[in-house]
Amino acid sequence: MISNNPGLSRFLESYGIILVVIVMMAILYATQPATFLSAGNLSNILKQNAYPAMLALGMFVVIITAGIDLSVGSVLGLAIICIAVADKAGTPWPLVLLVGPLVGIASGLVNGLGYTMLKLPHPFIMTLGTLNIARGLTSLISQAPISGLQTEVRYPGQKVFDLGIFTPPAGIPLSFFLVIACAVGLWFFLNRTNMGRHIFAIGGNPQAARVSGIDVDRVLVYVYAICGFFAGLAALLLAGRTDSGFPLAGVGNELDAIAAVIIGGASFFGGRGTVLGVLAGVLIMGLLRNGLNLNNISPFWQQILIGLIIIIAVYIDVLRRRAATRK
Amino acid sequence: MNTAASPLLEAKGVTKYFGAITALRNVNFHVNSGEALGVVGDNGAGKSTLMKILSGLYQPSEGHLIFEGRPVHFSSPRIARNIGIEMVYQDFALAGNLPIYENIYLGREPGIRVGGLTIIDKAKAREMAQAHLDKLKIHVKSVDQPVEELSGGQRQAVAIARATAFDAKVVIMDEPTAALAIKEVGKVLDLIKTLKDHGVAVIMISHRMDDIFYACDRVMALFHGANFADSPLGKTNRNEVIGWIMGTKDHTAQLAHDRVH
């Protein structure tokens with residue numbers, strides 16, 4: 001039915017994910033009418049999902065190239081500890097704000113250069129290595145949480161605008177605006193610049209990119225650096241929200257980021273996906289957690305459900321590819 | 001064809017060694033503007049090696065290339081491309097997820113340079129792609145169609161359009177019809193004729209006599225890495241060319257035919 005209607009199928013491919021979000025919200029509202037749509041709960045959802053959204057945006061760029069970055073959770077951990085240590089060392093706050101993104105970019109460069117220069121068979125290997133290295137470094141720097149950061153350093157992750165209509169702590173978090181700004185910037189980069197299109201071309205057919213004169217290795221180094229940059233931003237937001245740097249920050253978060261990207265419709269085979277879909281994927285995971293919490297359902301069920309959703313999302317991608325490939 | 005004037009692209013005394021193996025031995029080659037040259041030879045005869053030297057992927061061990069009367073040295077395919085020598089790959093080398101117009105301008109996007117990036121002028125890229133396809137008489141539903149939705153013949157047409165998008169003077173095609181359905185072969189061969197009309201020199205490696213005798217003006221044969229035969233199409237016939245591929249000359253048509261299964 002859908003295959004007979006390319007217009008409808010294209011619409012569903014682009015915006016179907018938004019429908020899923022709306023349906024989920026309707027179900028959550030039906031089960032918890034009093035709490036779900038309260039300003040407190042909604043601003044909480046936005047606040048909690050800001051840093052996973054940053055990780056997912058970075059992961060998305062890597063997944064477009066049919067790659068993967070397993071290290072983002074550990075890079076987040078390393079960055080958040082570096083932020084906390086720098087802050088405690090009395091570094092002026094404008095510099096502390098730069099620490100997270102810089103640690104992220106540096107880690108990303110290590111991933112990208114290591115993967116391309118050593119000619120490893122798959123980025124899985126390189127980033128599995130840096131997953132362990134970054135986490136080990138994190139614990140070497142500090143095994144205990146470091147809390148009590150400067151106000152300005154906490155600001156991006158903690159500030160909430162009540163706009164005169166919400167009662168604090170409810171309101172629209174600054175981190176939400178930062179995510180939107182990053183998403184718009186990333187969208188522009190991926191869709192309107194030559195390097196963005198080269199990233200998609202590499203995901204579609206690396207050989208085509210190569211013979212078109214694109215320096216594929218160089219672009220891949222940028223891709224992993226961008227992913228690291230977003231992990232560093234995520235660290236800054238988490239540091240602000242929790243007012244601390246802790247060595248176990250981000251453990252397992254790389255898997256949530258991958259899940260969000262895939263649920264959002266990006267293809268694991270590379271070359272496909274949208275920024276809007278990624279944000280929707282993050283929101284779907286966030287709403288699922290929120291809804292199950294509100295309904296007092298065990299977090300173990302959350303894991304089971306998220307696992308099922310990942311499998312279904314990838315299966316949909318497989319079906320889509322099969323439909324797109326001509327016999 | 002004016003063979004008296006100096007050829008557009010020429011190779012003189014080209015030899016290529018790969019370690020102990022001699023892939024090409026003192027090979028001479030030339031092609032003129034607006035000429036379609038068929039290159040034939042058995043597997044391992046050196047056709048692909050010669051094409052890779054002409055397109056800058058390999059450098060000759062001995063001998064040299066002459067382009068428009070001047071000696072040239074291609075240290076990379078990019079340099080060959082910059083002076084107008086383009087290659088169309090057997091597997092098309094297109095990104096299936098990208099639309100037609102993006103494939104045509106991949107790596108050479110029109111737009112404004114801003115600090116190392118180009119902000120792509122999509123409207124201009126679409127317009128240029130459409131105009132170029134029209135010039136080559138290639139019909140597609142829309143330049144926005146992803147390449148993966150196209151048939152093999154349409155993909156080959158897009159690959160050729162990409163190769164010629166920037167005033168190519170020589171287009172090298174490696175088995176352009178090998179991956180196509182029979183009914184699409186004719187369209188691609190007609191496209192080769194259109195390129196000729198625009199003054200482009202087309203070099204086509206092919207095993208299919210039908211293709212060569214339909215689209216080419218001249219055929220050259222390599223055998224065991226050396227020049228074996230070279231003739232205008234009008235002065236030879238299929239069986240003789242098949243004989244050349246097998247390394248035989250002056251056999252009767254009957255004998256040459258018998259050797260092919």
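So you know, we letter chains A, B, ... as the sequences are listed, proteins then strands, and number each from 1.
From B:L117, atom CG reaches atom OH of A:Y222 across 8.5 Å, with rounding to the nearest 0.5 Å. Between B:I119 atom CD1 and A:F189 atom CZ the span is 11.5 Å, to the nearest 0.5 Å. Here CD1 of B:I120 is found 6.5 Å from OG1 of A:T193. Values are rounded to the nearest 0.5 Å.
Heavy-atom distances place the side chain of B:L98, and not its backbone, under 4.5 Å from chain A. Neither the backbone nor the side chain of B:R108 has a heavy atom closer than 4.5 Å to any heavy atom of chain A.
Counting non-hydrogen atoms of neighbouring residues, nucleotides and ligands closer than 6.0 angstrom, the NZ atom of B:K187 reaches no more than 12 such neighbours. The number of heavy atoms from other shown groups lying within 6.0 Å of CD (B:E127) does not exceed 12. Other residues, nucleotides and ligands contribute more than 12 heavy atoms inside 6.0 Å of the CG atom of A:L308. Remark: A:L118 CG is packed, more than 12 non-hydrogen atoms of other residues, nucleotides or ligands lying under 6.0 Å away.
Applying the ring pair (Phe, Tyr, Trp, His ring centres under 6.0 Å) test to residues at least two apart or on different chains, none of the pairs has a partner in residues 132-157 of chain B. For residues 187-207 of chain A, every residue pair satisfying the salt bridge (charged side-chain N to carboxylate O under 4.0 Å, His left out) rule, not counting sequence neighbours, is listed here: A:R197-B:E102. Applying the ring pair (Phe, Tyr, Trp, His ring centres under 6.0 Å) test to every pair with at least one member in residues 72-113 of chain B, sequence neighbours left out, gives these pairs: B:Y105-B:F166.
Remark: the backbone N or O of B:T118 is paired with a side-chain donor or acceptor of A:N194 at under 3.5 angstrom.
Residues from residues 199-212 of chain A that place a non-hydrogen atom less than 4.5 Å from a non-hydrogen atom of chain B comprise A:F200, A:A201, A:G204, A:N205, A:A208, A:A209, A:V211, A:S212, given in numerical order.
Between chain B and the residues A:G196, A:G213, A:G270, the most heavy-atom pairs under 4.5 angstrom are made by A:G213.
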